[in-house]
Amino acid sequence: MAAVYKRELRGFFTTMTGYVYTAFMLALGGIYFTVYNLRGGYAEFGITLTQMTVLLLVGAPLLTMRMLGDERRQKTDQLLFTSPAGIGGIVAGKYLAVLTLYALPLLGYCFFPLILTRYAQVSLPLAYASLLGYFLAGAAALAVGMLVSALCENPLVSAVAAFFILLLCNCAPWLTAKASQSGFYAVLVMGGIVIVAGILCGLATRSPIFGLAVFTVGILALITVYLIDTGLVSAAMAGILGAVSLFSPLVDFVSGVFDLNALVYYFTAIALLLLFTAQAAERRRWQ
């Protein structure tokens, strides 16, 4: 794992990727900080971080789109699969490398609350708790990108697919609130989830027929349940969206609520996503 980690991290900084990403994120973070805290007058740094979640929707797919899929496209994955490191070590090494790159601009963000103390009374524990929540939300987003990269051979397709999945995760609370008002709206949301599930199954198995079968069975089951009891569709949708709402626990950190459940949620989500990524890579190895 250590060798894979060093190789990937070195690869970020032997090209311009690491330098451009770090500089770009620091610049955008400074702009958000200036607009919301210095000029906007908000003394809570967490408000700025919640507005910056949109950066994760774009940054995470771009960082992870080449992690595994590009290895397959260039046929260099055979070198990895025959290395002494196991599949779990390869996935963990790549993930820790991209997580390290993601954390670098966050180190610069640590100075923003200190700057803010010169102009207002700032709760530093709350500010750094918010920063911890932002780090964990980004770590989960990167794990999503890793999984999609393992399923998609084309980096561009991987980036686009990861972006829309993260967009769904970000909009999950809003979709839940809207769907609770209308059963038909809940069916539409669940239909979208079934479509995404069919696409992911097709990519995972590299079989469009299997993906179409998953989609067909899901749609038929959805229609049947809707005709029997609309409330079951709303309840199922609320449960699914609640499970994939990666950015909702960040609100707890920003609000000053250090909830252990939020930590467990993030660590569990990251572990499961990396496990699925390893399984997808293992399947590719046997193919």
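Both backbone and side-chain heavy atoms feed into the values below; hydrogens, waters and symmetry mates do not. Please read these numbers as outputs of a predicted model, since none were measured by experiment.
- Once rounded to the nearest 0.5 Å, the distance linking CG of Leu26 with CG of Leu104 reads 9.0 Å.
- Going from atom CD1 of Ile270 over to atom OH of Tyr265 covers 10.0 Å, rounded to the nearest 0.5 Å.
- Residues Tyr266 and Leu260 share a hydrophobic cluster, clusters being chains of Ile/Leu/Val/Met/Phe/Trp/Tyr side chains in contact below 4.5 Å.
- Counting heavy atoms of neighbouring residues, nucleotides and ligands inside a 6.0 Å radius, atom OH of Tyr21 exceeds 12 of them.
- Although no hydrogens or angles enter the test, the distance criterion places no donor-acceptor pair under 3.5 Å between the side chain of Ser149 and the main chain of Gly145.
- In the hydrophobic clustering of this structure, Met16 does not group with Leu9; members are Ile, Leu, Val, Met, Phe, Trp, Tyr whose side-chain heavy atoms approach within less than 4.5 Å, directly or through other members.
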Thr53/Leu250 under side-chain contact (heavy atoms from CB on, under 4.5 Å): CA gap, chis, key distance, verdict:
CA-CA 9 Å; Thr53 52; Leu250 177 58; 3.4 Å; yes
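- For Phe24, the CZ atom sits in a loose shell: 12 or fewer heavy atoms of surrounding residues, nucleotides or ligands are nearer than 6.0 Å.
- Taking all atoms of both residues into account, the shortest heavy-atom contact from Leu28 to Leu55 is CD1-CD2, 3.7 Å.
- Clustering ILVMFWY residues whenever any of their side-chain heavy atoms sit less than 4.5 angstrom apart, transitively, puts Leu275 in a cluster other than the one holding Ile165.
- Shown here for Gly18 and Leu101, the closest heavy-atom pair between the two residues is CA-CD1, 3.7 Å.
- At a threshold of 4.5 Å between non-hydrogen side-chain atoms, the residues Phe45 and Val122 do not count as touching.
- Here the side chain of Thr48 pairs no donor or acceptor atom with the backbone of Glu44 at under 3.5 angstrom.
- A distance of 9.5 Å separates CG in Leu147 from OG in Ser158, rounded to the nearest 0.5 Å.
- How far CD1 of Ile47 is from OH of Tyr32: 14.5 Å, rounded to the nearest 0.5 Å.
- Annotation: the span from Arg7 atom CZ to Phe12 atom CZ amounts to 10.5 Å, rounded to 0.5 Å.
- One hydrophobic cluster, built from ILVMFWY side chains closer than 4.5 Å, holds both Ile31 and Phe111.
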List the steps, then state whether ring pair (Phe, Tyr, Trp, His ring centres under 6.0 Å) holds for Phe112 with Tyr109.
CA-CA 5 Å; Phe112 291 163; Tyr109 295 171; 5.6 Å; yes
Go through Val4 and Lys94 one step at a time and tell me if the side-chain contact (heavy atoms from CB on, under 4.5 Å) criterion holds.
CA-CA 6 Å; Val4 176; Lys94 285 178 170 288; 3.9 Å; yes
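- Between Leu56 and Pro61, the shortest heavy-atom distance links the atoms O-CD, 3.7 Å.
- Taking both residues in full, the closest heavy atoms of Tyr95 and Ala143 are given as CE1-N, 3.8 Å, listed atom of the first, atom of the second, then distance.
- When the side chain to side chain donor-acceptor pair (under 3.5 Å) test is applied to Ser123, no partner is found at least two apart in sequence or on another chain.
- In plain terms, the two heavy atoms of Leu57 and Leu166 that are nearest each other are CD2-O, 3.5 Å.
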Per-pair distances, 0.1 Å, donor-acceptor, side chain in residues 124-137, under 3.5 Å, sequence neighbours excluded:
{"from": "Tyr128", "atom 1": "OH", "to": "Cys110", "atom 2": "O", "distance (Å)": "2.7"}
{"from": "Ser130", "atom 1": "OG", "to": "Leu126", "atom 2": "O", "distance (Å)": "2.9"}
{"from": "Tyr134", "atom 1": "OH", "to": "Met52", "atom 2": "O", "distance (Å)": "3.0"}

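- By the rule that hydrophobic residues join a cluster once side-chain heavy atoms approach within less than 4.5 Å of another member, Val58 and Val20 end up as members of separate clusters.
- The side-chain heavy atoms of Asn37 and Ile115, taken from C-beta on, include no pair separated by under 4.5 Å.
- Looking at Val91 and Met146, their side chains come closer than 4.5 Å, going by heavy atoms from C-beta outward.
- Rounded to the nearest 0.5 angstrom, Thr17 OG1 and Arg66 CZ are separated by 8.0 Å.
- Applying the side chain to side chain contact (heavy atoms under 4.5 Å, CB included) test to Ala262 and every residue at least two apart in sequence or in another chain returns Pro249, Phe253, Asp259.
- Side-chain atoms of Thr100 and Tyr5 include a donor-acceptor pair closer than 3.5 Å.
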